Amino acid sequence: MSRTVSCPRVVVVGAGLAGTATAIRMLHFARRPVEIVLLERRTDYRSAGVAYHRNGNPWDHVFNIQAGRMSAFREDVLDFVHWANREADRGGWPAQWAEYEFTEPGPAPRRIFQDYLEQRLAEAAREAYPGVLLREVDGEAVDLVPTADGLGVELTVRPTGPQPTGTESTGAEYVLPAAHVVLATGLELKDLPFATEVLEHPRFLRHPYSADGVGRLAALPPEAEVVIVGSVLSAYDSAGLLLRQGHTGGIRLVSRTGTMFRAYPDTHEHGVLHLPCPSALLEPYRDREEFLGRVRAEWEAACAIVAREYPDIAPEVVAERVAKAWEPHLPAALDRIPSPELRALLDEFGTAIAALRVGAVQYTIDVIERSMDPGPVSLLVGAVQAVAPAVSGRLEVTVATADGKLAVEADLVVSNFGRESDYLRVDGELWRNLLRRGLVTPHERTGRGLDVDHRGVLLTRSGAPAGPLTAVGPLREGDEIVRNGRTGAFAFNLAAIKNHSIAVAAHVIEQLELPESGAASASDRPPVVPAARASRDLAESRTPDGTFEEAADPSFAHAVKLEVRRMATRTRVGRQQLDARLDALIGSLTAPDGTDGRRRLQVAVSRSAVRRLTDVSMTPRQLRRHLEIADADDTEDIEDIEDAEKAGVE
């Protein structure tokens, strides 16, 4: 797998959801030979990560959101549902799901998502252009160094499988040269200072999303007393697994905030409302109490508007609609908050914001709600201070509540997967080396994730690109908060990852296929257009991210439309046909000998297409019709769609 100029190599570090989605997009976007290496240290995490791998997700673990929102392709909203109903191999599925007809608003078992991503990755590799190759390699990235010329990266890999041919061995490790590296390392484990005494205790479960964790929950006696640290949706998975197997013993959900999630209505569909800007949030920041007062007032006013003007929206969904409508305005509001205060607000209200922004399917919520008061499930509001062995042989959990300290004994204590978002605290060899080399910078404003630019390029402390290095997924949490107004898990959920995968894949392919002379100048100069169109020079409509407004020139707008369709097309033949049309059109817009102008125009077209594909101001189905790529599988009649949109749904 040696790197050559004719066939550069891109290494994606991490083959979970984010890494797989980005690799799929690169396989779709690439026109010239490139080798895409998907590096993963855990074979069972491929095309899944911790959230979806089969060993850690029994059949009762379902997606928190509806099946219709689980497509890997934002522009093809029902792809996952269609796959589950038409393509999935149901051999070995339990009776509960074997004959189940999946629907857009309904549930789906989380574990089948690994099959879905594996098949879509294999499909993308089959349908890639000649010379566009996929390699899946087992190994752990432990260090990387940009080359002296800044045009490549030397990645140090510790093998967990056979060493690839053509690599330079360094004993137990080897060096994998690449033209670009995409970091898609996923969620990082949080240290648990309250549980240092019991991390290896047989009654303490640190990893509920593991084969061992699932097995221990399944083997627990039905009368056992259980404490689950947390009340977010991952805690519901553990509690639901116990309840569905007939658990009768007490199950305490211990939550610092007491936040509980709501169930979506059976007919719920994702929707986007356009509400007035919460202008009071744009006033100067004075102090926390005063700011929170403004937030509450604006929130109540916005909820009242939705209830009054969109009466068909279920009350359970109003908070989600308002939270989503506020996202475009939040960056300006957050910009007025001092960094220490912003960090404190995110720490204090992150879980509550997540509960406002998302619910869960009734399959998940109903079993919990039915078992509360007077059932076995109860909520204990307080912060866990310590978990220690008790004299009885059980574990004692000390909780600081509003009324003082409370000690609770349990036969099993389950700690939800706690994520560490501060990369100064992440314990991993790769991150220690990247920080030491100054190649990554913890996000200063939020303390969450790393500093990146608008396309996910990693930045040094000075704000300069760290090299041919990009990031997708949770690594971009802080940037998503301040740039796009996404908070909580929405900074790195599937919707965010879909957009990351598009933008990063397009950027990487741009750098490889339109190097330096074209790519660099695209953000500095306008594309060359025929002299007859000089009065409509596209430079007048250039945007800060290097794209160009489609309305500036009808032919340019048509080129962007073709590029959008090309990016959204999954068959090689379809992309080849669109490529030919796009090539001819761009040729007609540039001088016969204008090689540099042609490159710059291609970059501008590509960047504008990415901007349209990642537009979050509309729902995926609205986007699909807006981009004119809807097909017969979009089942709603136009009149039905328009009526639904007036009611605030897709």
Side-chain angles (χ1 to χ4, degrees), residues 17 21 51-52 59 61-88 90 93 96-117 119-120 233 261-273 310 312-318 320-321 324 357-366 490 493-499 568 570 613 615-627 629-650:
L17 167 60
Y52 306 112
W59 288 97
H61 282 185
V62 303
F63 298 121
N64 297 329
I65 59 177
Q66 303 92 332
R69 295 170 69 179
M70 292 305 300
S71 170
F73 309 102
R74 188 163 186 268
E75 71 281 4
D76 192 354
V77 63
L78 291 180
D79 184 62
F80 172 75
V81 172
H82 290 161
W83 171 86
N85 286 330
R86 304 171 185 174
E87 301 176 48
R90 301 197 183 195
W93 286 23
Q96 177 186 8
W97 299 107
E99 302 298 327
Y100 187 82
E101 180 73 16
F102 294 96
T103 62
E104 188 171 354
R110 196 178 298 163
R111 59 181 290 134
I112 69 173
F113 200 64
Q114 189 168 20
D115 293 337
Y116 167 66
L117 285 180
Q119 291 185 30
R120 288 296 178 256
L233 293 174
F261 283 74
R262 69 192 184 282
Y264 285 125
D266 284 334
T267 57
H268 174 67
E269 293 182 5
H270 177 47
V272 178
L273 297 181
Y310 302 93
D312 292 336
I313 292 181
E316 303 94 327
V317 184
V318 169
E320 178 187 276
R321 294 289 194 265
K324 174 64 180 173
R357 180 64 177 81
V358 68
V361 294
Q362 291 186 344
Y363 183 95
T364 298
I365 301 295
D366 284 356
F490 278 86
N493 70 346
L494 176 58
I497 286 173
K498 290 177 190 179
N499 279 356
R570 305 216 297 267
L613 272 173
D615 182 359
V616 297
S617 68
M618 58 186 74
T619 66
R621 183 172 281 111
Q622 291 167 338
L623 178 75
R624 188 170 172 81
R625 292 188 292 108
H626 178 68
L627 298 179
I629 54 177
D631 57 29
D633 285 331
D634 295 308
T635 56
E636 292 89 345
D637 295 328
I638 295 299
E639 289 184 2
D640 291 340
I641 294 173
E642 291 175 347
D643 289 342
E645 287 172 350
K646 291 176 183 177
V649 301
E650 292 186 63

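Bear in mind the structure is a predicted one, so any value in this text is a computation, not a measurement.
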Student: Are more than 12 heavy atoms, taken from residues, nucleotides or ligands other than Gln96, located less than 6.0 Å from that residue's CD atom?
Tutor: yes
Student: Once rounded to the nearest 0.5 Å, what's the spacing between atom CG of Leu233 and atom OG1 of Thr364?
Tutor: 7.5 Å
Student: Does Tyr310 form a side-chain contact (heavy atoms from CB on, under 4.5 Å) with Val317? I'd like the steps, not just the answer.
Tutor: CA-CA 11 Å; Tyr310 302 93; Val317 184; over 6 Å; no
Student: To the closest 0.5 Å, what do you measure between OH (Tyr100) and CG (Asn85)?
Tutor: 9.5 Å
Student: Between Arg321 (side chain only) and Leu273 (backbone N and O only), is there a donor and an acceptor less than 3.5 Å apart?
Tutor: no
Student: So does Glu316 get a backbone contact from the side chain of Arg262, meaning a donor-acceptor N/O pair under 3.5 Å?
Tutor: yes
Student: Hey, mind stepping through Tyr264 and Gln362 against side-chain contact (heavy atoms from CB on, under 4.5 Å) and telling me if it holds?
Tutor: CA-CA 6 Å; Tyr264 285 125; Gln362 291 186 344; 5.7 Å; no
Student: For Arg120 and Glu87, which heavy atoms make the closest approach, and how far apart are they?
Tutor: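 Scanning both residues, the minimum pair turns out to be NH2-OE2, 3.0 Å.
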Student: Evaluate the criterion side-chain contact (heavy atoms from CB on, under 4.5 Å) for residue pair Asp76 and Arg570; output intermediate values, then yes/no.
Tutor: CA-CA 11 Å; Asp76 192 354; Arg570 305 216 297 267; 3.2 Å; yes
Student: Rounded to the nearest 0.5 Å, what separates atom CZ in Arg110 from atom NE2 in His61?
Tutor: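 Here the interatomic distance stands at 6.5 Å.
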Student: For Phe73 and Phe80, I'd like to know if the aromatic rings sit close, meaning centre-to-centre distance below 6.0 Å.
Tutor: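 No: the rings miss the under 6.0 Å criterion.
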Student: Honestly, is Arg90 close enough over Trp97, meaning NZ or CZ under 6.0 Å from the six-membered ring centre and within 45° of the axis?
Tutor: no
Student: Using the rule given for side-chain contact (heavy atoms from CB on, under 4.5 Å), can you reason through Met70 versus Tyr52, listing the C-alpha separation, both sets of side-chain angles and the distance that settles it, and then say yes or no?
Tutor: CA-CA 12 Å; Met70 292 305 300; Tyr52 306 112; 3.8 Å; yes
Student: Hey, does Asp79 have a side-chain heavy atom less than 4.5 Å from the side chain of Tyr116?
Tutor: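 Yes, side chains in contact.
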Student: Taking all non-hydrogen atoms of both residues, which atom of Pro107 and which atom of Phe102 are closest, and how far apart?
Tutor: O-CD2, 3.5 Å
Student: Determine the minimum heavy-atom distance between Thr103 and Val81, stating which atoms define it.
Tutor: O-CG2, 4.1 Å
Student: I need the minimum non-hydrogen distance between Phe63 and Val361, along with the two atoms involved.
Tutor: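 Shortest heavy-atom contact: O-CG2, 3.5 Å.
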Student: Over all heavy atoms of both residues, which pair between Ile365 and Phe261 is shortest? Give the atoms and the distance, please.
Tutor: CD1-O, 4.1 Å
Student: Nearest 0.5 angstrom please: Leu613 CG to Glu75 CD, how far?
Tutor: 5.5 Å
Student: Can you name the nearest heavy-atom pair linking Leu494 to Ser71, along with the distance?
Tutor: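 Minimum heavy-atom contact is CD2-O, 4.1 Å.
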